[in-house]
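First the structure, in the form of structure tokens, and then the observations on it.
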Amino acid sequence: MDNFDFLSSTKIIFGKGTENLVGEHVKRYARKILFHYGGGSIKRTGLYDRVMRSLEDHGIEVVELGNVQPNPRLGLVREGIDLCRREGITFILAVGGGSVIDSAKAIGVGVPYSGDVWDFYAGKAEPKETLPVGVVLTIAAAGSEASKSSVITNEEGWLKRGINYDVIRPAFAIMNPELTFTLPPYQTACGIADIMAHIMERYFSPTPDIELMDRLCEATLKAVINNAYRVMDNPEDYSARAQIMRAGTIAHNDLLSTGRIGDWASHQIEHEISAIYDLAHGAGLAIVLPAWMKYVYKQNVSRFAQFAHRVWDVNVNFEDLEASAWAGIQRLEHFFRDIGLPIRLSHAAIGPDRLEEMADKCRMPNGDSVGQLMKLNRKDVLEIYRLAL
Ligand code: NZQ
Ligand code: ZN
């Protein structure tokens with residue numbers, strides 16, 4: 001097990017009706033806030049009114065900024081930074097999913113910074129401070145409610161880039177699984193794929209002898225798979241929604257990567273797809289992950305056979321571990337297809353014409369490669385896009 005630092009500082013307030021407590025939690029931080037939200041689902045579901053009522057009951061002055069789009073844009077972040085400075089705002093409440101939370105985190109680090117906020121995402125500067133961000137979560141997916149990440153798309157060049165700093169972990173996250181009952185099945189499925197991807201990116205690690213973390217990952221994956229079928233059958237199954245929501249946070253607050261390095265190639269390869277085609281991140285992952293696995297599994301066949309056996313109940317053929325590993329990849333594909341996700345670029349109406357461009361843009365944080373289980377260069381990334389066609 002490698003040495004590590006682990007901080008998971010976000011306070012989780014979990015359960016039925018907890019959104020009505022939002023005013024009480026916010027007032028510990030500020031009397032005047034930015035209320036940040038997305039394209040309108042919170043108005044349709046009545047959540048907006050409940051949050052406003054709780055904030056008013058606690059005497060909190062609210063400045064609103066809605067219209068965050070999935071794959072949140074830099075333009076709105078800059079607008080939010082100006083608004084906070086103009087209004088003297090010192091706290092941001094994000095009500096929504098990963099896109100709203102990531103946009104709030106970007107505004108939070110942008111306000112106290114004298115340069116352009118994109119500097120952080122371009123790797124030119126490191127954020128040292130932020131306005132605190134609180135969350136009311138409406139979708140189990142990105143894990144941004146307790147993660148140290150924010151992913152923003154720059155409309156100039158359609159570059160989707162992330163930052164990872166402990167300073168941007170939200171101060172608190174209010175999580176009522178009932179708020180996810182209204183998610184369309186496709187959005188629920190995209191969230192499930194993202195949660196599973198966050199676990200698998202950590203699971204397919206080159207670090208040896210990490211059984212404790214392996215077993216925690218496998219248990220979380222199994223619970224997500226079982227409860228995914230339940231929520232697809234009955235979107236108002238509270239217990240199943242609650243388990244998936246809890247898994248979404250555990251998958252991405254870094255507990256499961258303590259003591260080892262993760263892979264993260266699939267996320268980098270996917271980000272280029274959702275940046276150009278504005279596809280939901282989870283749908284992009286359902287396409288990329290199986291292709292990535294098919295390309296790299298020979299690097300560590302026994303790890304993929306272990307995944308097949310312990311997560312997908314594949315009987316291991318000890319004479320032919322490769323066949324067992326392959327069977328696990330196929331089960332994963334079938335699962336994604338069963339819950340209504342695309343598993344090929346063509347299923348998302350994406351053709352071969354921009355694969356080279358995506359391979360060019362795919363950021364190579366380790367110098368000239370992405371990924372850790374197998375270090376992938378531009379040619380490898382292009383092959384994975386081709387396998388995903
Ligand atoms: O915008 P509204 O109208 O609210 O609708 C949203 C949006 O269209 C809708 N929705 C959310 N909650 C709903 C609901 N509709 C009905 N009922 C509800 N309860 O769902 C749509 C998707 O929302 P979004 O916030 O985009 O989803 P998600 O949480 O999957 O976030 C995706 C973004 O997070 C990034 C992704 O790249 C993508 O940009 N990620 C962020 C991470 C992080 N910060 O740690 C890690 C991830 O790997 C990921 O990259
Ligand atoms: Zn993700």
Side-chain angles (χ1 to χ4, degrees), residues 10 19 36-48 66-74 76-77 94-106 108 121 133 135-154 159-166 168-170 173 175-202 231 235-236 241 244-245 248-249 251-254 262-275 278-286 288-289 341:
T10 307
E19 68 275 19
H36 202 32
Y37 57 91
S41 73
I42 66 161
K43 291 199 170 159
R44 288 193 296 279
T45 60
L47 176 62
Y48 172 90
N67 287 326
V68 179
Q69 298 174 51
N71 300 316
R73 310 292 202 265
L74 180 62
L76 191 73
V77 168
V95 183
S99 296
V100 176
I101 304 166
D102 285 3
S103 182
K105 287 172 170 175
Y121 294 82
V133 171
V135 172
V136 178
L137 188 66
T138 63
I139 172 172
S144 186
E145 67 277 5
S147 82
K148 62 175 179 185
S149 314
S150 159
V151 186
I152 297 294
T153 298
N154 187 339
L159 294 172
K160 187 170 178 178
R161 294 288 178 260
I163 56 171
N164 296 288
Y165 297 100
D166 278 323
I168 63 171
R169 288 186 194 265
M175 298 170 63
N176 175 0
E178 290 172 319
L179 300 180
T180 66
F181 287 177
T182 53
L183 282 167
Y186 175 71
Q187 214 62 61
T188 298
C190 287
I192 287 165
D194 196 17
I195 293 169
M196 292 174 69
H198 294 161
I199 303 169
M200 291 187 277
E201 295 274 24
R202 292 172 164 92
V231 294
E236 302 201 3
R241 288 283 192 191
I244 289 176
M245 196 175 224
T249 307
H252 204 37
N253 76 349
D254 288 331
D263 185 77
W264 297 105
S266 300
H267 265 69
Q268 270 147 354
I269 294 170
E270 190 296 308
H271 280 167
E272 304 313 328
I273 301 175
S274 47
D278 212 8
L279 187 68
H281 169 62
L285 286 167
V288 168
L289 272 162
L341 290 170

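When a ligand or atom number is given, it counts from 1 through the structure's own listing order.
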Nearest non-hydrogen partners of Ile101 and Val135, listed with the distance
CD1-CG1, 3.7 Å

Note: Thr138, heavy atoms under 4.0 Å from ligand 1, region reported as both

Under a 3.5 Å cutoff, is there a donor and acceptor pairing between the side chains of Asn71 and Thr153?
no

Are a donor atom and an acceptor atom from the side chains of Ser150 and Tyr121 found within less than 3.5 Å of each other?
yes

Heavy-atom distances under 4.0 Å decide this one: backbone, side chain, both or neither, for Ala141 against ligand 1?
side chain

Atoms (protein N, O or S; no water) under 2.8 Å from the Zn ion (ligand 2):
4

How about Glu145 and Thr10: does a side-chain donor come under 3.5 Å of a side-chain acceptor?
no

For the residue pair His198 and His252, categorise the inter-ring angle as parallel (less than 30°), tilted (30 to 60°) or perpendicular (more than 60°).
parallel

From CA spacing to verdict: side-chain contact (heavy atoms from CB on, under 4.5 Å), Lys105, Ser144:
CA-CA 9 Å; Lys105 287 172 170 175; Ser144 186; 2.9 Å; yes

With a 4.0 Å heavy-atom cut-off (strictly under), which part of Pro70 contacts ligand 1: side chain, backbone, both or neither?
both

In the complex you have, is atom 28 (P) of ligand 1 within reach of the protein, judged by whether a heavy-atom distance drops under 4.0 Å?
yes

Looking at ligand 1, is there an atom of it that comes within less than 4.0 Å of some heavy atom belonging to Lys148?
no

Does anything in residues 264-275 form a salt bridge (Lys or Arg N to Asp or Glu O under 4.0 Å)? List the pairs, not counting sequence neighbours.
Arg161-Glu272

With respect to Thr45, determine whether any N or O atom, backbone or side chain, lies less than 3.5 Å from an N or O atom of ligand 1.
no

His271: heavy atom below 4.0 Å from ligand 1, yes or no?
yes

side-chain contact (heavy atoms from CB on, under 4.5 Å) partners for Thr188, two or more places apart
Leu183, Ile192, Val231, Met232, Arg241

Please tell me if atom 6 (C) of ligand 1 is touched by the protein, where touching means a protein heavy-atom distance below 4.0 Å.
no

In this structure, does ligand 1 have an atom that sits under 4.0 Å from one of the heavy atoms of Asn71?
yes

Do any N/O atoms on Val100 end up under 3.5 angstrom from N/O atoms on ligand 1?
no

Show me the pairs that pass salt bridge (Lys or Arg N to Asp or Glu O under 4.0 Å) and involve residues 186-196, at least two apart or across chains.
none

Quick one: does Arg44 get an N or O within less than 3.5 Å of an N or O on ligand 1?
no

Less than 4.0 angstrom from a charged side-chain N to a carboxylate O is my criterion; do Arg202 and Asp254 meet it?
yes

